[in-house]
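First up is the structure itself, then whatever we jot down about it.
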Amino acid sequence: MHPTTYLTDTGPGLGLRRTARSWLSTDAPTLSLDGDWRFRLLAGAPGTPGAVGVLPEGEGIEAVAEPDFDDSGWDTLPVPAHWVLQGDGRYGLPIYTNVQMPFPLEPPFVPDANPTGDYRRTFSLPGSWSAAEAVVLRFDGVESRYKVWVNGSAVGVGSGSRLAQEFDVTDLVRPGENLIVVRVHQWSAASYVEDQDQWWLPGIFRSVSLQARPAGGIEDVWLRAGYDDGAGTLEAELRGASFPLTLTIEELGLSVTWDSADEVQPLRLPSVEPWSAEVPRLYDVTVANAAESIALRIGFRTVEIRGDLFLVNGRRVVFHGMNRHETHPDRGRVFDEEFARADLAMMKRFNVNAIRTSHYPPHPRLLDLADELGFWVILECDLETHAFENSGGAHEEWRDNPSDDPSWRDAYLDRIERTVERDKNHPSIVMWSLGNESGRGANLAAMAAWVHARDPERPVHYEGDYTGAYTDVYSRMYSSIAETRSIGRDNDRAVLQGCTAAESARQRTKPFLLCEYVHAMGNGPGAIDQYEDLVREYPRLHGGFVWEWRDHGLRTRTADGTEFFAYGGDFGEVVHDGNFVMDGMVLSDDTPTPGLYEWKHVVAPVGISFDDSGTDKTDAIVVENRRHSADLGDLELRWSVSHDGHHADGGVLDLGEPLAAGSTTRVTRPGRPADDGAETWLTVEAVLATDTVWAKAGHVVAAAQLELSRPATVPAWARSGGSAAQTSPGTGAASFEDGRLSVLAGLPVSGPRAELWRAPTDNDKGSGFGSYDLADPWADLGHGIAAPSSRDVWTDAGLQRLTARTEAVDDGGRHRRLRYAAADSKQALLAEERWTTTGDAEVLRVDLVPTEGWRIHWPRLGVRFALPGSVDRAAWFGAGERESYPDSSQSALVGRFESHVHDLTVDYARPQESGHRSGLRELVLFEGGSPWLRIEAAPDLLRRRPGFTLRRHTAEQVTAAGHPHELPASDHVYLWIDAAQNGLGSRACGPDVWPDHILRPEARTITLRFTPLR
């Protein structure tokens, strides 16, 4: 087929394509073609009308395929690899877009500027392969469309970048040396249906191999292993196999030989152990005949929908899942097994139990690891047409969408067939997904019908089927707390998104899951606990999948060699979607974010609470096993008591017999308050009792705290308001010059300066979802009201440019009244500061009061100090080792912690608000490595405590930077003491901050005591 035709062909691939089959471990002879290939990059697709001159003068359009073609002057390129990630830009650069296409939306056409990579290599075929029934050439992943030749003859055209494609090259190869040539085009008609939210990375990025299919071999095997109350069933589907054939499971003492296809019948195994994501029990199986032996690992499990419940082995599944793209900062989507295993092990350590393979089938070995380590998997087809959502403007959404175009039907069916057939043997896969964000249409319905016919035992998922016309579960993205509750409630009749009343009722009869929620972009997400509370209250709600697991940053260097992780726009793209590709719970350098720690805590599979309502009125610890199937025999429950953050007592709780899944028990509570009235906390942790393949013994799975006692009153030093104990100016730890603080504990310090501004988070910048600030969160299913982003609201109000006017100064600067306001604004923040000397300490009381007329919410409410740049460490007694915010603070357990200043903030891909630590009691600052200053924070009348942030840049400097390396050199360290912070939410691509955590203007008081430590 001519290049112009096959590049714009809307069907599946062409040529000597073979029927899709499982990815199997076989003893059939296999030859890897991975390694260095000869490579050149062309500016366009030879033979297309706009690609005149892309080939050297005199070279024919497909002369590259000829055996005598001279490629000695070409470069070499590794396979697998993306060519744009090789050669330091020599072969072009990556492009990031989310919804928009990087070229005009006129399907099936693509631009003349179509980077095309020519690959050539020779291989030696053993003479023994002459006896093969077939020689199969397999490509596991090539982006985008590609044409293949062997020994000068055309083999075919492959399509489906993340799908395996096999070609029959039996008649084209010969013993000894052979030539393979592959021409890969970055853009093709297939690009329109592969518009996933990720980098466009062309090239042969998965393995290429040859296999000698033996005469009479086993072409394909599907072992369906079911489970029912201790017994297993095993049904074998065999294709292309000669008989006799033997199936063996040595561990079960099973060996059955079938002499013909008619004898192949389901097997009943009276005693097997089930597979689950918590106990991933696998059995090694061999299927063999005289020609071939195939090894598989199977897990006995039964997937079932019963009413509105999704069950595996008869028990409800709750997905605590992540959307997982294949991404690596250096290799892109090239698979590395060591990296993948470490990735999944990290998921296990953070209580992730499920993966949605967004938005395509991953490398097949990833699924082997999911089987082995234990994950529920929703396996997604390589399909997304998101660019068509707004293709026709506001009133013609999804115009020309391939999902409802008959000319694309065969391609859609081919894609789902290759998805299911490759991975059908994996017990971890409990659901098939048709794809992502591809609108609606007959082609999607046809895909669902094909899956239902091929695999009736696993449900079909597709979020875009809002009405539930052809899918088995109800799935949504980013539904609000209010709407999610409405979906879960039996007596709720609210009409759901995209549905009629009847369709809404139908959807409420199905299991519900959030295929994307709590968008993890930058600092956030908020409200994880609110969603989890709903899942525990309403059984129809089966949890969900965070968007997403990992940032997609590409390791890059500036001209001076500074390393950073690039996002959209960093490679000079014409159109791009900025840092929207940096929306993971894990940063590009493998650092888990504070949001991931919050997630781990909230979704923990062990519930630990405290109760005194037992019949004997004994204070008790209530332990709940929230697991699907595993008991708690692998865990140890450790308790400890602290007084004012210092360890006082501890031990191990005795639960008796291992607590079964779904069960709850009560244990007498240990520990008692301190005799001296100190603040006392009981902490209980569920930890691994022994090593596992994903974590060491002692790894914390779940934790909870109970406050046993707190100081009875506000401390005496904070009660007087300062006037009675005040001494003459300048005799304490603070010195003032020109009415302002100039020295504190012997070092130059300025402040306090009242602040309302914070460097906007990615969620603060989001406006695609409604605002809750002025909305009823329970109305309209909680969608909020159309409003500018919080960042824009705050910027318009001038919160980033407040100026101060001093209204009064007394006692040489120890008592000041100031008014902070922005130019052209009547609204202001009034601040009154009072310094008091008590012994060798200084007490500061700051009253912050808004004037009338404020109609917006605030980012923060606090004060800032500028400290010397030599301040290098901090130790604190407060809520949490990591940053926390009002709607992301469940994991912030009270204790004593210490950190270097550099580690107190998170290097999010785009600098933003970071580092706030809540519930401050005491903060010790170190200067030059030794303690310098102690700061104690008093609670207010309502027992609210401030939080602190310590970082080397002002909020304004952080706001101005696009990447961490763009932050300027700093001679200071800045300390914020915040009475309050606004919540985080998920509004970068999800709901706004819940009203409970929105900071509306209010008066607050901050009371601090500063004590020199040298």
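All values derive from a computational prediction rather than experimental measurement.
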Please determine, by modelled atom types, if [X] and [Y] share a side-chain donor-acceptor pair under 3.5 angstrom.
X	Y	answer
Ser709	Thr680	yes
Ser891	Glu598	yes
Ser640	His647	no
Trp757	Thr959	yes
His815	Glu832	yes

Query raised in the report: So among Val846, Leu975, Asp978, which one has a side chain to side chain contact (heavy atoms under 4.5 Å, CB included) with Val863?
Result: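 When Val846, Leu975, Asp978 are each tested with Val863, the side chain to side chain contact (heavy atoms under 4.5 Å, CB included) holds only for Val846.
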Decide yes or no for [X] and [Y]: does some side-chain heavy atom of the first lie under 4.5 Å from some side-chain heavy atom of the second?
X	Y	answer
Asp887	Pro525	no
Tyr820	Arg753	yes
Tyr885	His916	yes
Arg951	Leu904	no
Ser771	Ser789	no
Glu842	Arg814	yes
Cys989	Met521	no
Leu848	Leu829	yes

Report task. Go through Val993 and Leu984 one step at a time and tell me if the side-chain contact (heavy atoms from CB on, under 4.5 Å) criterion holds. Result -> CA-CA 6 Å; Val993 177; Leu984 299 175; 5.6 Å; no
To the nearest 0.5 Å, tell me how far [X] [atom1] sits from [Y] [atom2].
X	Y	atom1	atom2	result
Ile856	Leu774	CD1	CG	10.5 Å
Leu867	Leu747	CG	CG	9.0 Å
Asn982	Leu999	CG	CG	6.0 Å
Leu799	His857	CG	NE2	9.5 Å
Arg845	Arg1009	CZ	CZ	16.0 Å
Leu925	Phe948	CG	CZ	8.0 Å

Would you say the ring centers of [X] and [Y] fall short of 6.0 Å from each other?
X	Y	result
Phe580	His519	yes
Tyr567	His963	yes
Trp835	Phe1010	yes

Query raised in the report: Checking salt bridge (Lys or Arg N to Asp or Glu O under 4.0 Å) against Asp762, which of Arg910, Arg987, Arg791 comes through?
Result: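 Among Arg910, Arg987, Arg791, the one that satisfies the salt bridge (Lys or Arg N to Asp or Glu O under 4.0 Å) with Asp762 is Arg910.
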Under 3.5 Å: donor-acceptor pair, side chain of [X], backbone of [Y]:
X	Y	answer
Arg917	Gly880	no
Arg921	Gly919	yes
Asp644	Glu679	yes
His972	Ala866	no
Gln705	Val894	yes
Trp858	Ile998	no
Gln957	Thr954	yes
Glu883	Pro594	no
Ser970	His953	no
Ser742	Ser735	yes

Flag the pair [X] and [Y] as a salt bridge only when some basic side-chain nitrogen lies within less than 4.0 angstrom of an acidic carboxylate oxygen.
X	Y	value
Glu936	Arg934	no
Lys826	Glu852	no
Arg1000	Asp773	yes
Glu563	Arg557	yes
Asp847	Arg834	yes
Arg758	Asp764	yes

Query raised in the report: Can you name the salt bridge (Lys or Arg N to Asp or Glu O under 4.0 Å) partners of Glu913, sequence neighbours left out?
Result: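 With sequence neighbours excluded, Glu913 shows a salt bridge (Lys or Arg N to Asp or Glu O under 4.0 Å) to Arg860, given in chain and number order.
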Report task. Applying side chain to side chain donor-acceptor pair (under 3.5 Å), name anything that partners Thr562, two or more places apart in sequence or on another chain. Result ->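 Residues passing side chain to side chain donor-acceptor pair (under 3.5 Å) with Thr562: Asp560.
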What's the shortest heavy-atom distance between [X] and [Y], and which atoms?
X	Y	value
Pro868	Val749	CD-CG2, 4.2 Å
Thr949	Ser914	CG2-O, 3.4 Å
Val809	Gly739	CG1-CA, 4.1 Å
Pro777	Pro995	CG-CG, 3.6 Å

**Report entry** Over 12 foreign heavy atoms within 6.0 Å of CZ, Arg855
**Finding:**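 Open.
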Report task. Evaluate whether atom CZ of Arg740 has more than 12 neighbouring non-hydrogen atoms of other residues, nucleotides or ligands under 6.0 angstrom away. Result ->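 No, CZ of Arg740 has 12 or fewer neighbouring heavy atoms, counting only those of other groups under 6.0 Å.
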Requested in this report: Kindly determine whether Asp590 and Arg550 satisfy side-chain contact (heavy atoms from CB on, under 4.5 Å), including the steps that lead there.
Outcome: CA-CA 8 Å; Asp590 286 350; Arg550 179 182 285 275; 2.5 Å; yes
Query - Parallel, tilted or perpendicular: rings of Trp994 and Tyr772 (30°, 60°) - result: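 Perpendicular: the ring planes of Tyr772 and Trp994 meet at over 60°.
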Report task. May I ask you to decide if the ring planes of His902 and His900 are parallel, tilted or perpendicular, using 30° and 60° as cut-offs? Result ->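 Parallel.
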Query raised in the report: Do Ser870 and Glu927 pass the side-chain hydrogen bond (donor to acceptor under 3.5 Å, both in side chains) test, and can you show the C-alpha distance, the side-chain angles, and the key distance before you say yes or no?
Result: CA-CA 6 Å; Ser870 54; Glu927 192 265 341; 2.7 Å; yes
Query raised in the report: According to the side-chain hydrogen bond (donor to acceptor under 3.5 Å, both in side chains) rule, which pairs have a member within residues 873-882, sequence neighbours left out?
Result: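 Passing the test, one end in residues 873-882: Arg873-Glu898.
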Query - Full working for side-chain contact (heavy atoms from CB on, under 4.5 Å) between Asp570 and Thr556 - result: CA-CA 9 Å; Asp570 287 334; Thr556 311; over 6 Å; no
**Report entry** Full working for side-chain contact (heavy atoms from CB on, under 4.5 Å) between Leu741 and Phe865
**Finding:** CA-CA 10 Å; Leu741 177 69; Phe865 296 86; 4.3 Å; yes
